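Here the structure is laid out as structure tokens; the discussion comes afterwards.
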There are 2 protein chains.
Amino acid sequence: MTTPAPLLDRLRDRGWRVTPQRRAVAEVLTGEHVHVTADEVLERARTVIPEISLATVYNTLGELVAMGEVLEVRASRGPVRYDPNVHTAHHHLVCTECGKLLDVTPTGVENVGLSGAEAHGFVIDDVDVTFRGRCPDCA
Amino acid sequence: MTTPAPLLDRLRDRGWRVTPQRRAVAEVLTGEHVHVTADEVLERARTVIPEISLATVYNTLGELVAMGEVLEVRASRGPVRYDPNVHTAHHHLVCTECGKLLDVTPTGVENVGLSGAEAHGFVIDDVDVTFRGRCPDCA
DNA sequence: TTGAATGCAAAGTGTTTGCACGTGC
DNA sequence: GCACGTGCAAACACTTTGCATTCAA
């Protein structure tokens, strides 16, 4: 139905052992769902593999994050959200009241970076820009 | 020894009931300690009020955050850090390996903002910019 | 005096881990 | 076949909560 996840191919190439569970998690993330929690991934993966466990979901998500295929997004409260949209630069807008989370791509922030001296010797992997406020419903 | 916390005055003006515990927490945050955890605040506050409880520390920190006097900083793992430096615009640099946390004030990022349309009707309170990477020790 | 703040401990939430069993390569 | 992945449940780290007691104003 959806596109046949090139994600899985990439993972196999990296030596990933492809199991039904991992495939299910990858498929959930390949869909259009933008910011899912581990529980939501579990719930959706269960429609394909009813016996998949939360531990496996966490394991898999953790590996995907480590491989740079998925981004962790933490709002002020509540569980971590996983964002499979790593290939389009974007930032986040989060409601401190209800936790609503939106993508934003403000103009003029794309080139946020650190000069050599400012990096304090760090190897920078990524920059996370989060706008906090209250959404129309909560304000 | 340090400056006599105008923070407390500000809080009293806002109708805060000033208790020894709250004073102790405020004093910890008035010091030069940049990014403290709730436990560290407890530990330091105990040197003044040995019987202060963790619950009170959390209560007080939560109120200070709600009042905008303290900022919450969440690294990838571990407990929330509290940053009393709200009056100088700055961003954070965090090591994804060991959790080390540094302040940075990169040039050219000060005016990060959202245009009306981009805000999606949100009332923006603040912007949080976090650079993630590995520190010299971990890289 | 009196409502707000405190301390304690128990409950909660989200995530990680240990280990026996199962399975992709 | 064997190392790696899985499911389960218990452990875990951090934070919040309920309630009787204390105390700042």
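Every chain is numbered from 1, with letters handed out A, B, ... down the list of sequences. The model shown is predicted, which means the values in this text are computed figures rather than measured ones.
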* What residues form a ring-ring contact (aromatic ring centres under 6.0 Å, His included) with B:His92, not counting sequence neighbours? ->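 Checked B:His92 against ring-ring contact (aromatic ring centres under 6.0 Å, His included); matches are B:His35, B:His90.
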* To do: Output all residues satisfying salt bridge (Lys or Arg N to Asp or Glu O under 4.0 Å) with A:Arg17, sequence neighbours left out; order by chain, then residue number.
  =>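 Result, salt bridge (Lys or Arg N to Asp or Glu O under 4.0 Å) vs A:Arg17: none returned.
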* **Partner set under salt bridge (Lys or Arg N to Asp or Glu O under 4.0 Å) for B:Arg134, not counting sequence neighbours** =>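 A:Asp125.
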* **With A:Val34 via side chain to side chain contact (heavy atoms under 4.5 Å, CB included) - residues at least two apart** =>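 Per chain and number, A:Val34 pairs via side chain to side chain contact (heavy atoms under 4.5 Å, CB included) with A:Asp103.
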* Which residues pass the side chain to side chain contact (heavy atoms under 4.5 Å, CB included) test with A:Asp137, sequence neighbours left out? ->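 Only A:Lys100, A:Cys135 meet the side chain to side chain contact (heavy atoms under 4.5 Å, CB included) criterion with A:Asp137.
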Linking Ile, Leu, Val, Met, Phe, Trp and Tyr through side-chain heavy atoms less than 4.5 Å apart, which residues share a cluster with [X]?
X	answer
B:Leu71	B:Val86
B:Val123	none
B:Val73	B:Val94, B:Leu101

* **Sugar-phosphate or base contact per nucleotide [nucleotides 3-16 of chain D; S, B, -; heavy atom under 4.0 Å]** => BBSSBB-----SBB
* Only pairs at least two apart or in different chains count here, so list each salt bridge (Lys or Arg N to Asp or Glu O under 4.0 Å) that has a residue in residues 61-90 of chain B. =>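 Applying salt bridge (Lys or Arg N to Asp or Glu O under 4.0 Å) to every pair that reaches into residues 61-90 of chain B, excluding sequence neighbours, yields B:Arg10-B:Glu69, B:Arg14-B:Glu69, B:Arg22-B:Glu63, B:Glu72-B:Arg74.
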Using a cutoff of under 3.5 Å, can you pull out all pairs of nitrogen or oxygen atoms linking the protein to nucleotides 19-22 of chain D, with atom names and distances?
none

* Divergence of helical axes at both termini of the helix from C:dT1-D:dA25 to C:dC25-D:dG1 - five pairs an end, 10° steps ->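 End-to-end axis angle for the helix from C:dT1-D:dA25 to C:dC25-D:dG1: 40°, rounded to 10°.
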